[in-house]
J.: 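Here you go, one structure.
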2 protein chains.
Amino acid sequence: MTDAPSGTVLSATCPSRAALEVVGSKWALLIVPLLARQPLRNNELLRQVGGISQKMLTQTLRELERHGLVQRIDHQTVPPHVEYQLTALGQSLSEALVVVDRWAERHFAAVASARMAFDRRR
Amino acid sequence: MTDAPSGTVLSATCPSRAALEVVGSKWALLIVPLLARQPLRNNELLRQVGGISQKMLTQTLRELERHGLVQRIDHQTVPPHVEYQLTALGQSLSEALVVVDRWAERHFAAVASARMAFDRRR
DNA sequence: CAGCATCCGGGTTGATACTG
DNA sequence: CAGTATCAACCCGGATGCTG
């Protein structure tokens, strides 16, 4: 990402930026809350997160792992048994996301109707 | 988006999904908190949000407006003077986002070092 | 079961130029 | 100042097929 030319401010500041990248991912937003409940395996995630492809799942999980939010636990058995669970850092994030989730649930209707009203007048 | 085949659950549920789209936008996450402080004009946003292009800015603002989060105020003057400010709905969202922002600021270092450690072992 | 490699179509983004 | 239009580049993400 091109770094902010001077004049950029506060919440748009570099530090938050980097961490916000994590949140920017549509799928991460869905996966983290799921894992907050309990560790899950690849296939379970595949099922529970509707509409995600195997590719995107692995990709997102890797990214979450990379950012220290998720821990990959390979039980080293045949057939393979791998579990994903949140790290302490991941859990702290999930607590923040819960707030957003709650907002989404509470205000979903308002957003939907705003959108319909807006689209109608176009 | 292909809708979730049965078996999908809770936070991955339709309602949250739709509202989460708003949050999914990288730029919205930066713009909303900025507007929470005070209404801003196009150019001010362009400056304060580092790295965004005019196109993306307009596009994101339209989307936020469409979702009922931002209100566009055209003062009908020459030269043009347009301000963007959060609606009540937008402000309620910003409160949720503040939590995420705070998380980002607080845990930025941890994320960064996790990433470096991860990348090193590749 | 978990996951990688590959191909590839389409949506998203940036650059540039132009309008009111 | 605020914004649109256009075009090309790029990357995302799905589908498929294969491995341990």
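So you know, we letter chains A, B, ... as the sequences are listed, proteins then strands, and number each from 1.
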J.: CG of A:L45 to CG of A:L30: how many Å apart, nearest 0.5 Å?
T.: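 Separation between the atoms: 11.0 Å.
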J.: Describe the nucleic acid contact of B:Q59 in one word from base, sugar-phosphate, nothing, applying a heavy-atom distance below 4.0 Å.
T.: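 Counting heavy atoms under 4.0 Å across all strands, the contact made by B:Q59 is with sugar-phosphate only.
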J.: Round to a whole Å and report the spacing from OH of B:Y84 to C1' of D:dC1.
T.: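 That distance rounds to 11 Å.
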J.: How many whole angstroms separate atom CG of A:L46 from atom P of C:dC1?
T.: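 From A:L46 CG to C:dC1 P: 11 Å.
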J.: How many Å lie between CH2 on A:W27 and C1' on D:dC12, as a whole number?
T.: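 Atom-to-atom, A:W27 to D:dC12, this comes out as 12 Å.
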J.: When the distance from CG of B:L45 to P of D:dG3 is rounded to whole Å, what number comes out?
T.: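 Checked: the CG to P distance equals 10 Å.
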J.: Starting at the 5' end of DNA chain D, which residue's closest nucleotide do you reach first, B:P80 or A:K55?
T.: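 Upstream on the strand: B:P80.
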J.: Return the value, rounded to whole Å, for the distance between atom CG of B:L57 and atom P of C:dT13.
T.: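 Rounded to whole Å, this separation is 13 Å.
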J.: With no hydrogens and no angle check, just 3.5 Å: does a side-chain donor-acceptor pair link A:T58 and A:Q54?
T.: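 Per modelled atom types, A:T58 and A:Q54 side chains form a pair under 3.5 Å.
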J.: With respect to the side chain of B:N43, which nucleotide from D:dC1, C:dA2, D:dG3 is positioned closest?
T.: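 Of the options given, the side chain of B:N43 lies nearest D:dC1.
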J.: With respect to the phosphate group of D:dA2, does any side-chain polar atom (N or O) of B:R72 fall under 4.0 Å of OP1 or OP2?
T.: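 No, B:R72 has no side-chain N/O under 4.0 Å of OP1/OP2 on D:dA2.
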J.: Would you say D:dT4 has OP1 or OP2 under 4.0 Å from some side-chain N or O of B:R62?
T.: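 Checking D:dT4 against B:R62, a side-chain N or O does come within under 4.0 Å of OP1 or OP2.
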J.: Strictly distance-based, threshold 3.5 Å: is any side-chain N or O of B:S53 a donor or acceptor partner for the main-chain N or O of B:M56?
T.: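 Side chain of B:S53 to backbone of B:M56: a pair is present.
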J.: Tell me which of B:P79 and A:R41 sits closer to the 5' end of DNA chain C, going by the nucleotide each one is nearest to.
T.: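 Mapping each residue to its closest nucleotide by heavy atoms, the 5'-most match is A:R41.
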J.: Nearest to the side chain of A:M56, heavy atoms from C-beta on, is which of D:dT4, C:dC4, D:dG13?
T.: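 The answer is D:dG13, which lies nearest to the side chain.
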J.: Rounded to whole Å, please give me the gap between CG in A:L40 and P in C:dA2.
T.: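 Computing the A:L40:CG to C:dA2:P distance gives 11 Å.
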J.: I need the minimum non-hydrogen distance between B:G90 and B:V32, along with the two atoms involved.
T.: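 Nearest heavy atoms, B:G90 then B:V32: O-CG1, 4.2 Å.
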J.: Between atom NE2 in B:H75 and atom P in D:dG3, what is the gap in whole Å?
T.: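 For the pair B:H75 NE2 and D:dG3 P, the rounded distance is 12 Å.
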J.: Rounded to whole angstrom units, what separation is found between the CD atom of B:Q54 and the C1' atom of C:dT12?
T.: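 Those two atoms, CD and C1', are 17 Å apart.
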J.: Give a yes or no on whether a salt bridge exists between A:R66 and A:E63, defined as a side-chain N under 4.0 angstrom from a carboxylate O.
T.: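 Yes, A:R66 and A:E63 are salt-bridged.
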